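Okay, structure first, notes after.
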Amino acid sequence: MMSPKFKRTIVAWGLLLPLVVVTLFPFAVMFLTAVKPAQEVLTPNWWPSEFRWSNFSGMWAAAGFGRALVNSLHVSLIATIGALIVSIPAAYAMSRFRFAGHGAFRQFLLISQMISPIVLVLGLFRLLAAFGLIENLNAVGGVYMAFNIAFTVWMLQSYFDTIPRDLEEASWMEGGSRWLTLRKVFLPLCVPAIAVTAIFTFINAWNEFVVALTMLRSQESYTLPIQVFSLVAGRYTVEWHYVMAATLIATVPVAILFVWLQRYLVRGLSLGAVK
Amino acid sequence: MHNRALPYLLTLPSLILAAVVIFWPVLDLIQIATHDVSRFGQLRDFSGAENFRALLADPDFIRALIRTGVWTAAVVGGALLVSIPVAIILNTDFYGRSVARVIVMLPWAVSLTMTAIVWRWALNGESGMLNSALRGLGLIDQNIQWLASAATAFPMQIMIGILVTVPFTTTIFLGGLSSIPDDLYEAAALEGASPMQQFRRITFPLLKPFINIAIVLNTIYVFNSFPIIWVMTQGGPANSTDILVTYLYKLAFRIGKLGEASAVSLVMLAILLVFTAIYVRLAMRGERA
């Protein structure tokens with residue numbers, strides 16, 4: 001006879017099947033189009049007659065992928081490093097001090113977390129324009145950094161709270177200054193949490209659309225999402241095999257990273273939520 | 001003395017940065033919304049609520065507002081209906097569960113822009129792979145021009161919205177389910193409760209705080225969601241799939257009605273603040289419990 005677990009397996013996969021099909025469908029479309037020979041893209045066959053791997057190198061040149069990749073790295077690194085530099089001290093203060101304004105700062109973070117750049121996009125455009133920073137990748141990185149602060153402080157604080165104070169207190173007892181304790185005891189323990197937070201900030205910035213669309217107006221400054229979008233929007237003929245190849249390359253590394261680290265995100269967010 | 005100032009010094013940089021980048025634009029938007037403004041952004045006379053009145057008289061705005069309500073309710077509700085059973089299934093022990101989890105979480109890992117671009121191609125009327133798949137299965141015998149009219153484009157966008165919202169929602173519910181002790185179900189089963197009764201009497205009530213949080217957070221995210229609709233149809237054809245965010249973008253950067261665009265922003269901010277207040281209250285209630 002079938003074991004109960006085996007039966008459960010069939011029921012579970014049976015029920016999940018529609019969702020699994022709809023979820024995997026776009027990935028299949030992306031992959032199969034990316035490897036189709038150009039003349040087959042517009043014919044309605046699913047399977048390509050041969051796998052044309054050279055589409056990827058063709059796309060790299062035709063789609064200006066390299067420059068967009070560098071631009072994306074540029075803004076994402078500024079956003080990540082910048083957000084960490086201002087968030088680590090803030091999260092440390094929130095975790096280790098009780099001070100007037102503690103609650104107010106938390107509320108402030110919550111509210112700024114709820115406001116997405118799209119709502120403010122005109123104001124942001126005018127802010128950057130006032131300083132002549134349209135087209136400026138550093139400024140776009142700075143905007144990402146500001147919009148990520150709520151998230152990074154929230155994540156870091158929830159991890160910092162889980163680190164027992166005894167360790168730091170022991171170090172103070174032995175005469176270590178706060179700064180020394182911070183450097184030698186506290187921060188080393190936080191490296192994994194900081195790394196995870198950094199990666200999620202990086203992914204956020206990497207994927208961002210509306211700010212980049214608004215502020216970056218010429219091809220030289222496009223980030224990946226805008227570059228790929230520009231290959232599609234407002235064109236009479238779209239080279240879909242190149243577009244899908246670009247989408248695939250831009251997506252897969254980040255997606256793997258995300259799936260791998262997703263449980264940390266959940267843990268961090270839920271730790272923060274119950275506090 | 002030194003110690004008392006320290007926390008303020010530590011939080012100050014993040015506060016200043018967020019304040020400049022978030023609150024300066026808000027103040028600027030209030031300025032523009034209450035003034036007569038040229039399309040290049042020069043403020044002219046103070047005009048009070050004139051821009052808001054112009055909005056209310058604009059049928060496209062009213063339609064976008066209503067559509068935003070439909071979009072948000074449909075995506076949030078749909079994601080909820082899908083995520084509860086999915087979370088319950090993923091919470092049981094079966095072969096291949098970790099693979100199933102990864103598949104369910106996949107849409108979360110891809111940027112909305114890229115997802116929308118892929119779907120725009122998949123829904124292509126002439127050579128899109130959805131049409132060829134449906135024809136291959138014998139479900140349709142003529143190509144459907146999915147994105148050519150709102151009647152097919154908007155439901156598709158809602159479907160995609162649901163698909164990308166499910167991972168986050170399921171994750172919240174998985175967290176909720178893992179907090180329900182197993183012995184409750186064992187006791188219920190001993191008493192002869194059917195699975196349906198167990199769901200209605202145990203799972204659903206205990207999951208309710210998580211459902212509330214998911215509804216509020218998703219409402220905020222979906223309400224703000226721009227890339228899916230912008231990349232697939234840019235709110236078209238003829239503004240028929242516009243929601244507030246896409247309409248706002250057009251007003252600001254296509255038509256150049258900066259005053260009205262700022263007014264839309266402020267209306268959205270007000271709605272968001274209400275949602276945030278609800279969220280804070282829910283979160284606080286959870287804290288006390």
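Note: hydrogens, waters and symmetry copies are ignored here, and every other heavy atom, side chains too, is used. Within every chain, numbering begins at 1; the chains are lettered A, B, ... in the order of the sequence lines, protein sequences first and strands thereafter. The shown structure was predicted, so the numbers you read here are calculated from the model rather than taken from an experiment.
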Can I get a per-line list of side-chain donor-acceptor pairs under 3.5 Å for residues 247-258 of chain A, giving both atom names and the distance, sequence neighbours left out?
{"unit_1": "A:Thr247", "atom_1": "OG1", "unit_2": "A:Val243", "atom_2": "O", "d": "2.5"}
{"unit_1": "A:Thr251", "atom_1": "OG1", "unit_2": "A:Thr247", "atom_2": "O", "d": "2.6"}

Please state whether the side chain, the backbone, both or neither of [X] comes within less than 4.5 Å of a heavy atom of chain A.
| X | answer |
| --- | --- |
| B:Phe223 | neither |
| B:Leu90 | side chain |
| B:Ile103 | both |
| B:Val82 | side chain |
| B:Tyr95 | both |
| B:Tyr221 | neither |
| B:Thr113 | side chain |
| B:Ile88 | neither |
| B:Arg135 | side chain |
| B:Ala133 | both |
| B:Ile117 | both |
| B:Ile220 | side chain |
| B:Ile213 | neither |
| B:Leu17 | both |

| What is the distance from atom CG of A:Leu42 to atom CG of B:Asn124, rounded to the nearest 0.5 Å? |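 One finds 7.5 Å between CG of A:Leu42 and CG of B:Asn124.
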| field | Spatial distance of atom OG (B:Ser14) from atom CE (A:Met94) [nearest 0.5 Å] | value |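 Spacing of OG (B:Ser14) from CE (A:Met94) equals 9.0 Å.
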Heavy-atom pairs under 4.5 Å with chain B, option from [options] with the top count:
| options | answer |
| --- | --- |
| A:Arg8, A:Gln107, A:Lys5 | A:Lys5 |
| A:Ile10, A:Leu213, A:Leu224, A:Thr152 | A:Leu213 |
| A:Phe147, A:Trp206, A:Tyr92 | A:Phe147 |
| A:Thr33, A:Val11, A:Val20 | A:Thr33 |
| A:Ala91, A:Pro117, A:Ser116 | A:Ser116 |
| A:Leu15, A:Val22, A:Val143 | A:Val22 |

Heavy-atom proximity to chain B below 4.5 Å, by part of [X]:
| X | value |
| --- | --- |
| A:Arg96 | neither |
| A:Phe229 | both |
| A:Leu24 | side chain |
| A:Ile149 | side chain |

| B:Arg120 side chain vs B:Val231 backbone, donor-acceptor pair below 3.5 Å |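 Here the side-chain-to-backbone pair exists.
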| Donor-acceptor contact below 3.5 Å, side chain B:Ser265 vs main chain A:Val119 |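 Side chain of B:Ser265 to backbone of A:Val119: a pair is present.
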| query | Would A:Ile78 and A:Tyr144 satisfy side chain to side chain contact (heavy atoms under 4.5 Å, CB included), going step by step from the backbone distance to the final call? | reply | CA-CA 9 Å; A:Ile78 289 185; A:Tyr144 291 169; over 6 Å; no
Most heavy-atom pairs under 4.5 angstrom with chain A, which of [options]?
| options | answer |
| --- | --- |
| B:Ile16, B:Leu106, B:Val26, B:Leu272 | B:Leu106 |
| B:Gly136, B:Ala116, B:Gly96, B:Ser225 | B:Gly96 |
| B:Met114, B:Met129, B:Glu126 | B:Met129 |
| B:Gly128, B:Pro13, B:Ala100 | B:Ala100 |
| B:Leu15, B:Val166, B:Leu266, B:Val104 | B:Leu15 |
| B:Leu258, B:Ile160, B:Thr92 | B:Leu258 |

Grab the two heavy atoms, one from [X] and one from [Y], that are nearest each other, plus how far apart they are.
| X | Y | answer |
| --- | --- | --- |
| B:Tyr8 | A:Ala100 | OH-O, 2.8 Å |
| A:Ala79 | A:Thr201 | O-CG2, 4.2 Å |
| A:Ala139 | A:Leu133 | CB-CB, 3.7 Å |
| B:Gly125 | B:Asn131 | O-ND2, 3.1 Å |
| A:Ile118 | B:Asn224 | CG2-O, 3.3 Å |
| B:Val118 | A:Met244 | CA-CE, 3.8 Å |

| Mind checking what makes ring pair (Phe, Tyr, Trp, His ring centres under 6.0 Å) contact with A:Phe25, not counting sequence neighbours? |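 Checked A:Phe25 against ring pair (Phe, Tyr, Trp, His ring centres under 6.0 Å); matches are A:Trp46, B:Trp119.
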Side chains of [X] and [Y], donor plus acceptor under 3.5 Å:
| X | Y | result |
| --- | --- | --- |
| B:Tyr249 | A:Thr214 | yes |
| B:Asn218 | B:Thr169 | yes |
| B:Arg254 | B:Gln234 | yes |

| task | Go through the steps to decide whether A:Phe99 and A:Phe105 satisfy the test ring-ring contact (aromatic ring centres under 6.0 Å, His included), and finish with yes or no. | result | CA-CA 10 Å; A:Phe99 55 100; A:Phe105 186 64; 7.5 Å; no
